[in-house]
Structure formats: C-alpha cells, structure tokens
Amino acid sequence: MQELITRAKELLADGTVSRVLGWKKGDMGWDPEPAYFEKEEDLKDFVYNPFCGANLSKYLIAAGKLPGTTLVFLKPCDTYSFNQLTKEHRVKREKTYIIGVGCHGTLKAEKVLSAGIKGIEDAAIEGDTLKVKTLYGEKEMPLMDALLERCQVCKGKTHVVFDELIGAEEGEEAGPGGLAGNRFAKVEELEAMPPKERFAFWQEQLSKCIRCNACRNVCPACSCLKCVFDGNQFDSSQKANADTFEEQMFHIIRAYHVAGRCTDCGECSRVCPEGIPLQLLNRKFIKDINTFYGEYQAGADTESRAPLTDFTFEDVEPGIVSERGGGR
Amino acid sequence: MQVENTEFRPKIVAFCCNWCSYAGADLAGSSRLAYPADVKIIRVPCSCRVNPMFILRAFQRGADGVILCGCHPGDCHYTTGNYYTRRRMTLLFSMLDYLGVEHGRTRVEWVSAAEGVKFSTTMNEFVAKIHELGENVRLEDLRCKN
Amino acid sequence: MCECSCGGKTKPDTLIPMIGVITDIRTETPDVKTFRVVGRDGKKLFEHMPGQCAFVSVPGVGEAMFSITSSPTNTEFQEFSIKRCGTLTDYLHNMTAGEEITVRGPYGNSFPVETALKGQNLLFIAGGIGLAPLRSVINYVLDKRDSYGAVDILYGSRSMDDLVQLKEIREVWAKTPGVDVYLTIDREQEGWDGHVGFVPSYLKELEFATDKTVLVCGPPIMIKFVLAALTEMGFDKTQVYTTLELRMKCGVGKCGRCNIGSKYVCKDGPVFRCDEIDELPPEY
Amino acid sequence: MHRIGVFVCHCGTNIAATVDIDRVVAAAAKEPGVVHAEDYQYMCSEAGQLKVREAIKEKQLTGIVVCSCSPRMHENTFRQAAQRAGLNPYMVEIANIREHCSWIHKDREEATEKAIILARAAIAKVMLNAPLTAGTSRVVKRALVIGGGIAGIQTALDIAEAGYKVDIVEKTPSIGGRMSQLDKTFPTLDCSACILTPKMVEAAAHENITIYTYSEVEKVTGFVGDFHVEIRKKARSVDMSKCTGCGVCQEKCPSKKAPNEFNRGLDKRSAIYTPFAQAIPNVPVIDREHCIKFKTGKCGVCAKVCQAGAIDYEQKDEIITENYGAIVVATGFDTIKLDKYDEYAYNQSPDVITSLELERIMNAAGPTKGHLERMSDHRAPKSMVFIQCVGSRCADNRGKSYCSKICCMYTAKHAMLIRDKYPDVDVTVFYIDVRTPGKNFDEFYRRAVEEYGVHYIKGQVGKVAPQGDKLLVQGVDLLDNRRILMETDMVVLATAIEPNPDVRKIATMLTASIDTNNFLTESHAKLRPVESPTAGIFLSGVCQGPKDIPETVAQAGAAAVKVVGLLAKDHLVTNPCVAKSDTLLCNGCSSCEKVCPYGAISYEEQEVNDHGIRETRRVAVVNSALCQGCGACTVACPSGAMDLQGFSNRQILAEVDAICR
Amino acid sequence: MYRIDKSRLAELFAAISGNQDLFLPLRKADQTNYGLWSEEECFDLDTLKTVKSAKDCFFPQSEVLYRCKNEDGKLSIDPQKLCDRPFVVFGMRACDVKAIEVLDRVFLSDPVDTFYAARREHGTIVSLACHEPEETCFCKNFGIDAAEPGADVETWIIEDGLYWKPLTEKGEALTVSLAGLLENADAASTPDAAEKAEKAVAKEQSSIREIIEKLPLSHLDLSRFKPENTMELFDSPLWEELYKPCLACGTCTFVCPTCQCYDIRDFDGGKNGVQRYRCWDSCMYSDFTMMAHGNLRTSQMQRFRQRFMHKLVYYPANNDGLYSCVGCGRCVSKCPASLNIVKVIKKMGGEA
C-alpha cells in the first residue's frame, strides 16, 4: 500500500496527474470508500486492502470530464470494465493514468462480520487465509468463506490495460491461491432445475428487489446518461416494483442491455442490499454467448465487436433454446 | 344444464417483417389458408425492429405467446437485420427459459413472402403449443388483469 | 372489528381527485389556452383563494399543478390558463369542451388579499403566462374594489399575440376606475402601437411611487430583474410578493419534491414575500 | 388529442361476408380519439376515397384508419387520398381486416372480434403518428442487367433503345445463354441461333450497352436510384482489345480434355476456348484449371501462335465499380441434377440423356454435328423413349413441386423433328399430362401425334435399366391400365428446370426476396410481376418462374419499361420512416453504428442542454438519405435514444397494448 | 409485565395472526425483511437490522391511490379502500419505532394522509429491544434507547424467554387477546414472577446500554446541525468532497426508516383503467426534481446535500428539533460506495 501512496505522490508532484482516484479509509475498517485525492497530504487516508472491492472504472466517466489526467488504481478485473468503457467512448484513455494493482480477492464485509469478527481495523490475505487486524487482536478465517462471490470464481489476475503495475505480476494464476472456481457452476445448477423450480428460485430472489438501482448505477456497462427505466420512450419508467412483473422486467432488460458488454466484474451482486445474485443473470448471457458464438470476454480488448452487434451466417436459430431445453 | 364458456382463447402477438413475413401472411390470406383468430399481426419494417421490450410488454399485458417472423437468414430486405434478430432472440429466449418462463411461448420463424402455407402452418402449430401451455401467468402484470 | 373513523365518514384523501368537466376552451395565444372547468353537477368544484393552485390530470397521460386563474369571486367555475409545454399540456390543448378531466385542490397558500393587501395600493407585474395567478387576484380586487387602493397593472409578453387575456384586460380592467393598465411587448410588431421593451425596463420608466404592495409573477429571469428594479426604485422586499415555480407532485408537502430549506413550496407557498425567499437556500 | 376518422371497407363481400361491418364501425367509433367512423362498399374506389377526403375536411381529422385489405395493397392509395385532402400522408394507418382476417376466418363472430381488435390497434398507433415529410434522392441514369441470356439481352436492348446506358454482366465467356444452346424453337421450329444471334450482335454493337462477359457481380450496396455495384471481371488471359478472334489458339491448344459446358459435357473442348462459334465477344478465354501453362508453367503454345499477341498469362481479375439506378436480374435457369433419380439410369448409361443434351445432339454445331446418334456407340437409335416431368410436379422432396412449363412443348418438338428427319425411329412419350396452353401449342402437339405418329402414353416410367446395348423401360399405361415393358435405344429425360444456382447469392446481395424454390419473388403476383419487392430491382426471364422464349422476351420488355420509368425520373422520393436519435438520451456508445447496414449513422460532438446541464457530448446522427428504416439501431441502443419514425417504440407498444387489451 | 418461553413464539405468532395480520422479520432467500407471517415462513428475531425497515407496514413501497376508468368519455374514480384490517408489527427495534414518530409528523400533519393514518390506526407495534447492538448503530445520538424500545408493547428476549410489556391501550388490548399464552408477571397478581422479570429486564437493559456506550458511533457531535446554521451548512465546500463517491442510487433512501419522499404515477392497465399509485422515490435520483422545463438540482452534489440537509436541518426546523435520522445504521452497512450519514455528520460537524 505504501508503494501505491509513494508512487501516487510522485505522479501528483511531477504533474503527470491532477488527481488520484483510489480508496479512502472508512469509519469501520471494513468500509473504505472510493475517493479522489488532489493533494499529496490527502493521501494519508489512502487505503488499499481486501475490503477495497469497488470497481473504480465507472468513476472515470465523470473524471474524464475534469481537466487534467486522473490516476486510477485498477484491480485486474476492473481493467476489463475500463476497456469496455473505452470501446464505448465513455472514458478517455488519454486522460487516465492506470496503475494496475495486485489483487488476491476482495471481501464481503458481511461475511467477515457474521463470522463474529468485530472491531475490524485492517485485513490481509495470506495464502488461503484471511488475517484480520481488530481492536481485539488478530483474527483469522478461511479466505474462501470471506470472499465476494466473484472472487471465489476469479476470472484472472491479468490487467488488460495499464500504464504501470504495482504489486501485480503478469500472468499470475487466476483465483484465490491460484484456484479458479467454475463461474458458471451456479448457472449450470439453475439450468438443470425443472422450470417450475427455476421460476420459484428467481421469483423468491427477485421479489426482494427494492429497485434502489444500486446494481444499475454501480454497473460500468450501465453507463447510459438516462436509463430506459428512467425515461419514458418505452413507457418503461419505473420507480418501484409495483408488480412482480416489473421486478422481472427490470432485471431481464438490464441483463439484456449489458449482454455482450458485461465483463462479469460482479459489482451488481456486491452492492445489492438484498443480496440478490444478480451476476447469475449476466453470467447466463455470457455462458450462452460463449456456447453459441464462441468464447467472448467483454473488455478484453477495445476493438472487437460485441456479440449482439455481430453475427455469422451460420448462427444458431432461436429454436435451439427449446430444442436443448432445460434452460441450458 | 348451463355450459360455462371457459374455453381458453389465447392472446397471441405476431410481429411480422414488412417484406417477407407480412407478405407471407397476406399470401396465406389470399390463399385462404386458415389459422386461429387468436393471432394478431403487428407489422414492423424488419424483424430487427423488434425490441425485447415489446415482447415483455406483450406478456405484461396478458399475451400468452409472442411469435416473431422475418425473412429467411440471407434474404433480409435490409441485408443483415434478421441476423441480429437471430442473436437477440436466441439470447432473450434463453434468458426467459432460464428464469423459468416456458420457452414454448416465444418463437422465431422465418417466413418468406412466398410461404403462405408455412405462415399458416406455423401459426396453427404455435397456437396449438400455447393451448398446451395454457394461460401465461409468469410474466403477466396483475394490474392488467380483470 | 373496525371502530375507527374511516369507512366513508371522513372525506376522501386529498390525493383523490374530483371529476371536472371542461365547459369552455379559449385560445389565448398560440400556445396558451384557458380552460373553464366545473363539476359534473355543473357547479364550481371547490372554493379557493387567489394564488392557490390545483392539480389537473388526464388519467394515464399525466398530472400537473396549475394556478387557478379565475377569481374566487366567480361563483360559477374555475379557470386554468395552460401553456403548452409537455405531454399533458399537449393533450389538454387537443381536448374539446365537454370532455372530462380530474382536478384536485386547491393547494398552497394564497396572496394575503384579506390581510396584508387589504386597503393597499397594488402594483401587479406579470410576464407571459405569469399573468395566470395574478389574474385571480386582480379580478378579486376589482370585484371588491372598495377594499383596496389604487391598482396598477404592468403586463408584458414576447409579442402582441402572446398577451394572455387581452380582451379582458382591455375591456374590463382598463375600463375600471382607479385601475391603470400598462402593456408592453418585447419587440416591435406591426399593429402594435403600445409600449415596446422588457417588463423590468418599462417598470423603471414608469417610476411608480413606493406606496404600493407589489405582486410579481412571470418567468424567473423576469422576476430577477423586476426585483432588482424594485429595489432600485426604493421598494422594500417586504412589500413584494411573488410565486415560486410549481414543481410539485403531491400538493400537500409530503412527497418531498418541493422542499427548499425548511419550506415546502406546495404547502408554505407558492406565494412568498420576497424577504422570506431570501432566507431560503438558493434552490428555486 | 388527435381527431381520428375510421373507414371500414366491405371490399364487396370479401370482408363483409365474414366480418360484421356495423359492429366494427360501432366499436371503432367508441375508441378514444375517434370522431368519425363510417363504412363503404369499396373504400379504394374513387367514391370511397372521396368519402375519406370529405370526412377529413369536414371533421378536421388529424389521422385516419382504413380497415381494409393489406397495406401492401392500398396504403399508398389512402395516403394519397389523405394528402389530397390536406392531411399528411403518414397520418394514415391501415388495419388489415381482409388478408389477415376475413379471408382466413370462417366464424363470423371470431372474425368480427378480430377485426375490431385490429382496428383498435391501428387507431392506437395512429394516435401516436406524427406527420412525416419525405426527402428525395438522386437517380443514376444507368441500369445493370445481371445475366446475358435472351432475357438480359432483350431487357438491355429495350432500355438502351429508350436512351439509357445499360451494362450486362454475364458469368460465362459469351452472352447468349440457354437459348444459344437450343437447336430449334417451338412451335414455329425456327432455328434458335438464327433468331438469337442478330440480337446478340445488336446488343454488342449498341452504343448504350456495355457487356461484361466472364464477369460476376461481387458486391451491391446503396438503394433504388443509386446502387453501388462492384463487378469482378475475371481474368480472361486474353487481351480483348488485341484478339482478332481468328481461332488459331484454340486449334493449336494441346489441352483438349476439358468438358465442353456448351455441349453439356457431351464432348471436350480446348483449354483456351470460345464457347461457340457465334460467341460474343468472339474472344476466347483460358480455362486456367485445364491449361497446361497454368498447371505446370510449361506450354505457352497459344501465346506463340497468336499473331496479335493477345495472350496474357499475367492478366488479373479486375474490379469494376459503377453506380446504377436500377438492376434487372435475368439469371435464367439450369436443369436440375439427377442424382436423386437413380431409376432413370442417367448416371449409368450415356444413352439416357436430358432434353437439353438432345438439343445439342440435334444441333449441327453440337458434339455429333447434328446427327442423331447414341453417345455410347454412336449408332443411330431405332427407338427412343421420352420421359416427362422428371423432377417436375414432384410430390416428394427429390424434385420440384412446380411444373417446368416448357417440357411438354419441347418434347413434342423433339419427337416431331426426329420423326421428320429419321422416320424409322420409333418415338414414345410417357407423360402425366400434356399441357399446351399457348398460341398454336396444342395444334403443334396434335401434329406430333397425328402427323408424325409419336406414341404418347399417359403414365409414368418406373425404371430404366441398361440391358446389353439396350435400355429396358418399365412403365405403366394408365389409360389402358397395363404395365409396359419395352426395349429402347435412347431415353430422353424432360428434366425439370430450376433457377440458376447463383441466384441465391445474387438475391442476397440485392436483398431481393426469393421463394422456397429459389425463384425470385415478384412484388405482386398479378399486378407487379416484373418487380421485386425490393425497390429498384426488376425481374426478367426464368429467374422469376418457368417460362418459354416469347414469354421471357415479353417479360424482358416489361422489365425494361419499368426500368425506363424509374430512370426517367430525376429524383426519387425517399421513405421518411427513418431512424432518429434523441440527442439528450444518446450515450455515443456506437452500438447503433455497428448494426447499421447502410453506414447511415455517424457521430458528432454536440453542445447539448440537458435540462439545465450544458455540455459537449458525442452523439449519434442519422443520415436520413442513407437510412432505409430497418430499425436495427433502435434495438441496439440501450438507452432508447434511437427511434424509428413511423414505427416508433411507443407506436408499436400501443399496438401491443391494444391487441392484448 | 408478561413472559413467554422463546420456544413458544410460534404459538404466540399463530395466536396473534388468528385475529389480525402479523408482520415480523422473516428470513427469505438469505435476507431478513418484514413480511406477513404464516406457519410456513421462517421468522428471524436474531438479525438486528432487517434490510428494509418496518416502514413498509405503514407506508408501503408502492400503493394504489385510486383507479380511474374512461368509458365513452365519462370518467369514474374508484379510490383505493383504506386499511380496515387490524395488524400487528412484531419485532421493531427502538430506532424503527422512533422512525414511525418521524413519519407520523409528516403524514399525520394537516392535511392528514388518510392511507397512512388508517394503517397507523389499525396497526399495533410490538417492539423488541436490541440484545446486542452493532457497531453500525448510532441511535444513542438521537436520544433513542435500544434497551427500552417503546411502542404499544415492548419486549425483550432474554435467554429462553420473551418479556412482554404493554405500554398503550392498543398494547393492553393485544395482551388481553393473548392471555392464554402470556404468563402473567404482574406485581399485583404474581409478585415473585414480577420481581424476577423486572430483574431480568433491568439486567438486560443495563447490558444493552453498556454495549451502546462503547459503540464507535455512539458519540457524534450534532451540535452544528441547527436551523440557524442552515445557510452556512448549505454553502459548505465540504459537500463537493463528500458526495463524490455517491452513485446516485436509492439504496440509502429505500433502506432508511424515515425517508418518506414519494412519487405519484399512473399505470395504464388497459381495460382495467388507469391506476394512480404512489411509490417511494429518492431525492438521490437524478430525475427527482426533473420537470418539463428543467431540473432544479442538476448535480449529484445538490441532491446529496438535500438528503442530509433535510434529515439534519430542515426537518428538525419544522419539527421541534427532531432529527429525521434515527441512527439505525442501515445506510452505513448498505451503501455501495460506503457513504453514509455518519460520515456527513462527522465531516460537517467538524469532527473529521
């Protein structure tokens, strides 16, 4: 962390960047907030630890409108979002100085707290163990139990775009302790369910939705200036789910709109106050796209055509859905 | 004895592209090839004009099935429109299925202007399928229901 | 067992509207029409005070707040002058007499016609559609002519065609004793032999004495310059009343939208004395 | 709020017989916004249109709905009527209660209900219509004809004669097409070449006609009035400007093993060749696949013998780009492959031939110099069997469901010619039906039977089996209800014709629709038989459906007239139903641009005022001259900024709502 | 005072819901929220903070106000029936109980919101003391005592028993209806049991208060948040800095027990006519103050500032100094960007 601060100070001092976008210590030790630092002395509050889950790439849309260059710290999976945003002309690469930071997984604070660890001050990952510094001394727990779901099935440690790397080695193995989980496992499990059960699962999950729009507003792919659900082009303006249909409608369309653009950064699931596994919707699209149209990782580059704005003459017919059945 | 009329009359929305499928439907008409009156056609310039929003809206409003007809791949009046449709609908239908909404309620069929027969058989088949599935309750908005 | 006071004994919630029938539509200007509305029974929907507003709605199209432009002294109907500027107003403009709408109100406070304004000399300054709320006061004052002092009306608009209620202004107001009407339009126009120029500058030209209470309503930019002019002319802010923009949803100070500082425009306003406005955070 | 008028057409009894018109009128009148509803026998008639116009004026209608036949039929009629009454033509919507309702439903109650719903949907839509104004686009005064057969040649000649430039693109080294392969034509027995060649020469010599032979259309973009076409002129390896057509190269060419396409592969040709003697242009091409020089690098005989020095082994394919106002497809036909018809032993015996092969055998320039002989042993046959409908009128999927139309007549022609020239040859024809509608056709057929003694047997042949040097034919005579087993020397198959296989590729390029049999679809089967539904694309000859030469020539002329009618205009009115982007909603993400097939979307940095927020944004801009209104962009756009005029999101949703109500 | 074995809670709930609807924290899809009790549901009184507060029971996220039909140009209005069925909300914590008072002052002030009033009239609140307040709790700052949660009945869960103390007439009535189940621990009739119960509760209370005293957020300085400082706070440059991470989502407002902004919208249900409904809105949303002609708060900073100024300055100015924050801490744990009112209080209050 100190290395990051030192480098940030250097870049601020030599005028390479006008501000630093990183994380700032919160009140609790487990709630660092995304923050801008404009002066070297502000960086005393800078923090980078496994609680820093926020993907900062979306903030760069706003940062791109400010004068000067913004230094941003991006974790490996955040860089995919940045690339995707670059591709969609939403961020300005030339106004961004990216330091790729190493990541061994980010934590779901609730999980750590509910494991009975209180008075958290800091945390560090050592192998497959999470070591937490607390007011009551150092506590430990298995890393897997504390990670955000997205990190349990980490898709890689590669930074796809950066100006320099600190604390990260290119080509590091994916996943905590180098073990990548199968990110489609849960999707497959759902696909295997009978339709009734699947419907019940989603009904129960989506009925929790309070339409706070946190998933949408945090999502780097949902970068519309005005969401269709805020405007009335489709008579689609919604504020609250007044009917079970609207819960589904919002999430289906949101997932559809980011299909082929979603990098699977998992922010939607991370921020959902109701713990809805929203990334399972996005991953379903990713899985289908991979199956039907070949492996595609949104944000891996800035040139490729997104699957939904592309086609081949030999694409499968929509009938495939009923032919293969079982939601697969 | 009073016979209650409880026969299920599905509501079916068919989006037809102007150049092929709508003309195919016209041909079915001029050839007097019958299909159930439950099918109501909406004319769109191209199948690629059909937004998933339209399909969900139809279900919201109580449609029991939505079918989308366009030119055969390769024959699109606008060259490539139906290729996009094909991808969009494949993914959308797959998602609906994944959410537990019966996949038989949605269908894409390529019907050319010369395929009046196909149009009619497709509609007959689709309506039969919807009869099999019964009323749509999973994607319906109760506020639109009596 | 329910033993509460509900169940038909109380009047319906203030959010539940009444059905209004449009009995007459007058085209005032190319984009303003005045709608005359009564209840289904042909009677006035409700009693109101000058400056108050009501929500007009076409179900399924939208709902918006409009100031009531008719005077409370009118015992037959209410009138709304509505400028075309969005989905709902577009719809309203295409309606015909005999059609039904919903109306709820009246909401908000009113100009203090029975208190602070009583016995005063009054100067009304209006711009464009801003005449709508003031017209209610003007007619109220003219109907109770004896209770008020001299009345001056300064009214301006973009062009001759954009002057609302021109017929009434010329045929009624201008002919009432003790009432002086000053009209102005922004730019020269054929067929107009009256004053040309913006309202604030005309105001300064007119050099009114400061023994008046001023009621201002119009576009924000006009109000800004009028207030400056008034200060320049020696008026105190406590002598000036205006109405704030009608950004409301519920009308009863609960939905949170119209909250400015500790005030709720729809409940504590829309009429404010200018010194009160100065105490609010600048979010209006 | 609009003031909508609804006009319900009886269409005689076409609609009124199954739809209760009064109920439709009553129901429509109750819909919000409807201020006028009436019905009439024939809305499209002048009297009906007058009613529409009068109502528009009297009731100050701002939108109208006509409940009638398909909009593909009369949308334009009513748009014009509206316009004449001072209403924007795009304030008209049609509810299709004939093709989509009265004609397919028998139950009056059901049909009436559906008609009401369709009317309601159209009313809901028109409530959201906005007046649209059409723009204009230029018309390039040049036409392209794809295919240089008789259809293409005739079309080109007629267009050229009207004073417009026209280019013919022909795939093979010479124009002429199928007709040039024919010996005689029915029912006049004219020599095919004798009547075709002058046309070919005329086309080649015409100052308005440019012929690209050995060339193919590679790419087509643009739209009616302004197509941009890339033509690949395949390397001929012979310099056309130098070649004198002396023919020495072909004589001296050592490689003479290439199957002769012109003679349907019945004999061989040299690697450098002109397909036939009267070829136009009379310039050979080198078939690089069979040329020794190209295969091994050694040879070069032709170059050595060519005194004009026209041989150019280095020649490359050339891409010609040209703009056209109209395109005529005249790609013609081929006979179907007989792989699926093993029972006729076509692949087992060289003495089982197709009619087109017989045509070459009978031709003086053919493989046998016009002598009727068996291909196996060059003996003259003593008996011949003709089998009709091979692959035509086929119920299974081996062949074609349609009638190839020309076979009955050419078989009669063949039989007659054979009996005339070789009276000792016994000729039997197996047929399902003999179809002879056409001027002098039946007379012709009767002469074959009556004057020339051709045996016609109504019945099908089940099997042809080579037996020794004979062919054993098993068939049935349906009239006598007996089985027939006969030996014969030659069997001629009246093979079904099908559109040239290349037409699929071409149709795709042109976005012209094609039917299940690969015939190009006409815009209207009765009233617009030579126009494709795609504006600016016209159809000539067999690519549209089976036809004989006079029909082809007639259609070619018709297509030419349509082309001339188009080219005579200085500009075209464009479709105003184009995409439009809402600047305030646009994110500038480029999704729409990616799916636009016309490159009609570009991006601009624009100053915007978004409810008080002023900033510069990258926003999509639609070039309405290029946009064709498919709507692909509207769905690609996640924020809903892109919408399609005339088929807007809200209009379609209103229709959905009205239908599901 | 009454007592019931914890093991018999299901029986208690069954008894309550026999006469009326019972809303209490239910565990569903891994989250705890207030919901309608039935035997199949799994109640959860251990989770301190339900995701959404009990606000829904009185001010639902979405409710129809009336239906309007247009038949041949004739409108008809059918107002939604007011709540006329008694119900009990069980397990509300002290902060949520206090939040109802905050809402009351909005909805019951003139003109009374009859929809809300009817629910308040028919609802009986049984509160539950917080056995172990968490580090995100800061109710103490607002004079709330988690050990004495108030409402119609207040309860404590101590070891294997639930202690039940009716406080109001409604509470007494509910208690009477449950007479067979609740063991009387009243000083007059069962002095021994009463003493034991009083002792247990007192012990629990002091334990709770002790914890609260030690919580990191229990001692915030609210002194600057006074109406007279309105302009100074409004104009503070600190807002620019504070709002930056805000995503403009509505999480904080929707989990907040006191946020009461709402929107009124129409839903065109086709043949069912138009339903006018109101639903929660969030002042954090970019379109909150969007009107046809413009938006009075164009930047997220202004919207962010509005929320906290309202809670800490404007509302108290109108309500005798009562803050419209009850320190439940939901926003502290739920904000996707880890922003919350505590950070605002500290920063604006001059602490950090």
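Since we're looking at a predicted model, the values are computed, not measured. Each chain gets a letter, A, B and so on, in the order its sequence line appears, and its residues count up from 1.
Proximity to chain E is absent for every atom of A:Pro277, based on heavy atoms less than 4.5 angstrom apart. Within the 4.5 angstrom heavy-atom criterion, no atom of A:Ala54 approaches chain E. Looking at E:Val332, both its backbone and its side chain come within 4.5 Å of chain A, counting heavy atoms on both sides. In this structure, the portion of A:Leu113 lying under 4.5 Å from any heavy atom of chain E is its side chain and not its backbone.
For E:Lys81, the side chain to side chain donor-acceptor pair (under 3.5 Å) partners are E:Asp84, not counting sequence neighbours. Taking the ring pair (Phe, Tyr, Trp, His ring centres under 6.0 Å) definition, one finds that E:Phe115 meets it with nothing, sequence neighbours left out. By the ring pair (Phe, Tyr, Trp, His ring centres under 6.0 Å) test, E:Phe308 is found to be paired with E:Phe304, residues two or more places apart in sequence or in another chain being considered.
Closest heavy-atom contact between A:Ala240 and E:Cys279: CB-CB, 3.5 Å. Shortest non-hydrogen contact noted between E:Ala337 and A:Pro34 is O-CD, 3.4 Å.
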Pairs table: donor-acceptor atoms between chain E and chain A closer than 3.5 Å:
unit_1	atom_1	unit_2	atom_2	d
E:Ala29	O	A:Lys208	NZ	2.6
E:Gln31	NE2	A:Glu274	O	3.3
E:Asn33	ND2	A:Glu274	OE1	2.8
E:Asn33	ND2	A:Glu274	OE2	3.0
E:Gln61	NE2	A:Ile210	O	2.7
E:Glu132	OE2	A:Lys118	NZ	3.2
E:Glu135	OE2	A:Trp30	NE1	2.9
E:Pro245	O	A:Tyr59	OH	2.6
E:Leu247	O	A:Asn217	ND2	2.9
E:Ala248	O	A:Asn217	ND2	2.7
E:Gly250	N	A:Cys212	O	2.6
E:Asp263	OD2	A:Lys239	NZ	3.1
E:Arg265	NH2	A:Ser237	OG	2.0
E:Asp281	OD1	A:Lys239	NZ	3.4
E:Asp281	OD2	A:Lys239	NZ	3.0
E:Tyr285	OH	A:Arg211	O	2.9
E:Tyr285	OH	A:Cys212	O	3.1
E:Tyr285	OH	A:Asn213	ND2	3.2
E:Lys334	NZ	A:Glu110	OE2	3.3
E:Lys334	NZ	A:Pro273	O	2.9
E:Ser338	OG	A:Pro32	O	3.2
E:Lys343	NZ	A:Asp31	O	3.4
E:Lys343	NZ	A:Glu33	OE1	2.8
E:Lys346	NZ	A:Asp27	OD1	2.9

